[in-house]
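Report on one structure; see the data block that follows.
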Protein chains: 2
Amino acid sequence: MTALDELGRHLADHLPADRLATDAGSTWAYGMDNSRVHHAPGLVVFPDSHAEVTEVMRAAARFRVPVTTRGRGTGTAGGSVPIDGGIVLVTDRMTRVIDFRPEDRLIVVEAGLINADLQRIVGEKGFFWPPDPTSNALCTIGGNLGCNAAGPHAVKYGTTRENVLGLRAVGGEGQTIKAGSQTTKGVVGHDLTRLLIGSEGTLGVITEATLKLTPLPETRRLLRAFYSEMHTASAAVSRVMAQPATPAAIEFIDGNALDLLRRNSRVDIPAAAGAMLMIEVDGDDTGIEALVKRIVTAARGGDPQVDIAVAETAEEQASLWAARKALSPTLRQVAPKKINEDVVVPVSRIPHLIETLDEIAARHRITIVSFGHAGNGNIHVNLLVNPDDPTEMVAAETALTEVFDAVLALDGTLSGEHGIGYVKRDFVAREIPAESLALMQGIKRVFDPLGILNPHKKLPDPPASNASR
Amino acid sequence: MTALDELGRHLADHLPADRLATDAGSTWAYGMDNSRVHHAPGLVVFPDSHAEVTEVMRAAARFRVPVTTRGRGTGTAGGSVPIDGGIVLVTDRMTRVIDFRPEDRLIVVEAGLINADLQRIVGEKGFFWPPDPTSNALCTIGGNLGCNAAGPHAVKYGTTRENVLGLRAVGGEGQTIKAGSQTTKGVVGHDLTRLLIGSEGTLGVITEATLKLTPLPETRRLLRAFYSEMHTASAAVSRVMAQPATPAAIEFIDGNALDLLRRNSRVDIPAAAGAMLMIEVDGDDTGIEALVKRIVTAARGGDPQVDIAVAETAEEQASLWAARKALSPTLRQVAPKKINEDVVVPVSRIPHLIETLDEIAARHRITIVSFGHAGNGNIHVNLLVNPDDPTEMVAAETALTEVFDAVLALDGTLSGEHGIGYVKRDFVAREIPAESLALMQGIKRVFDPLGILNPHKKLPDPPASNASR
């Protein structure tokens, strides 16, 4: 009997029957995420609580079987793909609200709760939880925590790590981890909360989270500004970020993306536009007009040529968002298997990056389309390639290496929120020097001495250790 | 020749002469901080750069001599006291600004820069760095980082950990640690930045920090509100925190502290006042009045008895702050050797805590005076005792234990920003369960396998390891 068989028997004895799936027909779908990677799980468990996760992890440790935790599999980096098989631990059944205290601006939830469901629950009391990735109708809080996801509003409200007070998790030997507290200040012990956030299930299985809530703004406005080219748009971003009225979001779309929309969508883009910004402003009814005026002034920078529209009603705002929303479907249609990166550079260096991207694209004869969260310098770089064309794929691979080199030369980072998972692991050592990497691998061994927590993810495998199994 | 002598010789050979002090007359003062603990250093080093800190740490590792890092020694928990002697590493000479880029809302500085000097430098370009402890005229950025210091404005702008992008540090074997990046998003590798912040020099010597800057608000108002007792004041705090206009600070002073001011200062406190809130509001000129109105409404909660004053000019604001500012000198005068704690509870539980404190004080016949940062639930609890009176000190010790029990029963934490250092170490295991503590001690071993980085601080010594030296 294999270790997996023994483990399956053990779990069947210790968990209710509906917590396990072992037949390949049921488990196959849990071997993939939104990357193009698939590995078949050995078995899939659906624990119902922190206690059951503890049970699973203790058993996995006993039989030395790897555990890959999974929310809804919306990740794009293969983070929830079980590379070595073993257990896929699905958090779908852990969707409870354990405590909700608007008076303390906090909610305690289980990790499997869907982001949009959370927003609905806290919205009824006038709050929101700032992280809202595009996939928020599907993705779980646990997934948001695992990737330190952010979305467009991070420019004003921070990423996941700035919006969590504490966590409960299970480590690689089945031990319970209590991290953080229910308060916004606290310095007792080391910061395990931020260490677990963004660790992509490699240090522990997050089961419960105490989330810091923010009161919903009273009202919103949306600005759309067209610029002749990326440099002037980027200078506008820096001007907007240098004055006190921080917008709730600053999204940008580069000239290549606007061209794509002109050719492939019904969105009306002026011929002279070489870059577009979408700026969301939120605040209270009495102050919002003054805020908008300031941000329009900063976005215009004294140039009467900049074409700025301000949407007040929800309908007008939806209509302005149309161009941005049309982008992803258009990209999918034009290049269904595009390579999508998620780099970040300091805000003032965005135009430099975009220039370099154009130069790389021209040299390798591939199309690169960029858009993203300009206020954070977070650029989604899309290489529109056909993975069935080996010549184009070789060119893309070289191009990608050059993109990463450019990002690092600009003091940027290789992933803002999509995570490293499995597919970007080979690039980590370019950004993180060996001595720091060794510390991270040491931390991994502390939390997971047997190397069973989501192996082959987040960090390069160390030369010879349990973690490389 | 002792290891310390050998180390002294080695450093004298490798560093310029003015970097070392070895005679007891010069080194004695570096053995204490703002706690009442003193241990004599073996030698004091004043490195001038990251490279020199690396030199010191490599030598310390080679000769197995402990290293205690120190800014200006304003800490109250003995964190910079060299318990085992050895090296005190002073960051006083590392005060350079390495890079200042307002367009990216960031500044890179060395760890020895004084907080107030930083504020002046970035203020000239219209920015501030939100952490501003009361000691900001003296304390260093490195000290702020080591303790995750916050100050009154954390309620709106977060603590140190929310205002740092990246760090450079030196680990316990002299290795260079690169943590974080120059961007507000980033998920490559594990979060060493937040791990080092608040670690009180036990995981590494922070040499350089990339700080996230915030634009200065255009204008400020100050509200002072008197309530009949703490419950109504605390309910007001919850109401203020439940609406979208988050104040820049909410400070509170309890009834005992008001009594103390009535008896010992010339500040005018109404006879009916049993609690006071000071609320700072910041924003832009056009929106500020609307913000103030909202916050006054929330602070009043429909009760016409609440006595609220709003100060507009800087002079009026200074006059309103008088009561709060008079408190620390008055306390020092009345009880020069008071025990000062720094607990935190969820905001809605402040009145429950204050009630319990009153009950504990009455039972042990000691006076407890509380004030603090209400918006974060961070309460400075002062036990007005005479340490030369053994009976009172025994009572105080029991009372303190009961205070901590009460805080933990309310899901609070034992220190908000003062840190654990040496003097609060025995209480850590009350808050942090053994399994989580073991992980923290494991992390410590990864960063500092020889146990030479600020030994006997932050965490209890593990049963038998190098770290307990």
Side-chain angles (χ1 to χ4, degrees), chain A residues 102-105 147-148 150 154 159 162 175-178 181-192 194-195 198-199 215 217-218 238 241-244 284 286-287 290 344 346-348 376-378 411-417 419-420 428 431-433 435-436 439-440 442-443 446-447, chain B residues 102-105 147-148 150 154 159 162 175-178 181-192 194-195 198-199 215 217-218 238 241-244 284 286-287 290 344 346-348 376-378 411-417 419-420 428 431-433 435-436 439-440 442-443 446-447:
Chain A
E103 67 276 22
D104 290 320
R105 288 191 175 187
C147 290
N148 188 34
T159 66
E162 285 85 23
Q175 73 273 52
T176 285
I177 305 171
K178 175 188 179 287
S181 63
Q182 290 202 351
T183 59
T184 46
K185 282 186 178 177
V187 294
V188 179
H190 293 305
D191 188 349
L192 303 186
R194 259 52 60 173
L195 197 55
S199 69
E218 208 168 64
S238 280
M241 293 301 289
Q243 51 87 48
D284 59 52
T286 45
V344 194
V347 170
S348 74
N376 296 103
N378 189 189
D411 293 315
T413 181
L414 301 182
S415 178
E417 55 188 349
I420 299 302
V428 170
E431 177 168 339
I432 300 178
E435 289 182 325
S436 298
L439 292 174
M440 295 176 187
I443 291 170
V446 169
F447 281 74
Chain B
E103 68 275 23
D104 289 320
R105 287 190 175 188
C147 290
N148 190 33
T159 66
E162 284 85 23
Q175 72 273 51
T176 286
I177 305 172
K178 175 188 179 285
S181 63
Q182 291 202 350
T183 59
T184 46
K185 282 186 179 176
V187 294
V188 179
H190 292 305
D191 188 349
L192 303 187
R194 258 52 62 172
L195 196 56
S199 70
E218 209 168 65
S238 279
M241 294 301 289
Q243 52 87 48
D284 60 51
T286 46
V344 194
V347 171
S348 74
N376 296 104
N378 188 189
D411 294 316
T413 181
L414 300 182
S415 178
E417 55 188 352
I420 298 303
V428 170
E431 176 167 339
I432 300 179
E435 290 181 324
S436 298
L439 292 173
M440 294 176 187
I443 291 169
V446 169
F447 281 75

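All chains are named by letter (A, B, ...) in the order of the sequence lines, taking the proteins before the strands, and each is independently numbered beginning at 1. What's counted below: heavy atoms across the whole structure, side chains too, no hydrogens, waters or symmetry copies.
Taking chain B as the reference chain and counting heavy-atom pairs below 4.5 Å, the highest number among Val428(A), Asp284(A), Leu414(A) is found for Asp284(A). Listed options Thr286(A), Ile432(A), Val344(A) were ranked by heavy-atom pairs under 4.5 angstrom with chain B; first place goes to Val344(A). Counting heavy-atom pairs under 4.5 Å between each of Val347(A), Thr183(A), Thr184(A) and chain B puts Thr183(A) at the top. For the set His190(A), Glu162(A), Glu435(A), the count of heavy-atom pairs under 4.5 angstrom toward chain B peaks at His190(A). Ranked by non-hydrogen atom pairs under 4.5 Å with chain A, the options Ile443(B), Asn376(B), Thr413(B), Ile420(B) are led by Asn376(B). Looking only at heavy-atom pairs under 4.5 Å with chain A, the residue among Ala150(B), Gly189(B), Ser238(B) that has the most is Gly189(B). Ranked by non-hydrogen atom pairs under 4.5 Å with chain B, the options Met241(A), Glu218(A), Gln175(A), Glu431(A) are led by Met241(A). Of all the listed residues (Gly419(A), Gly377(A), Gly412(A), Ala242(A)), the one sharing the greatest number of non-hydrogen pairs under 4.5 Å with chain B is Ala242(A).
Residue contact with chain A, scored on non-hydrogen atoms closer than 4.5 Å, involves the side chain of Leu192(B) exclusively. For a residue to count as touching a neighbouring chain, one of its non-hydrogen atoms must lie under 4.5 Å from one of that chain's; by this rule Ile177(B) touches chain A with backbone and side chain alike. Residue contact with chain A, scored on non-hydrogen atoms closer than 4.5 Å, involves the backbone of Gln243(B) exclusively. Heavy-atom distances place the side chain of Asn378(B), and not its backbone, under 4.5 Å from chain A. Only the side chain of Pro433(B) comes within contact range of chain A, with heavy atoms under 4.5 Å apart. For Ser348(B), the parts lying near chain A are the backbone and the side chain together; criterion is any non-hydrogen pair under 4.5 Å.
Closest heavy-atom contact between Pro215(B) and Pro244(A): CB-CA, 3.5 Å.
Test Arg105(B), Glu103(B), Gln182(B) against Pro346(A) for side-chain contact (heavy atoms from CB on, under 4.5 Å) and you get one pass: Gln182(B).
For Glu417(A) and Thr159(A), the side-chain atoms include no donor-acceptor pair closer than 3.5 Å.
Every side-chain contact (heavy atoms from CB on, under 4.5 Å) that Val446(B) has, sequence neighbours left out, goes to Leu439(A), Val446(A).
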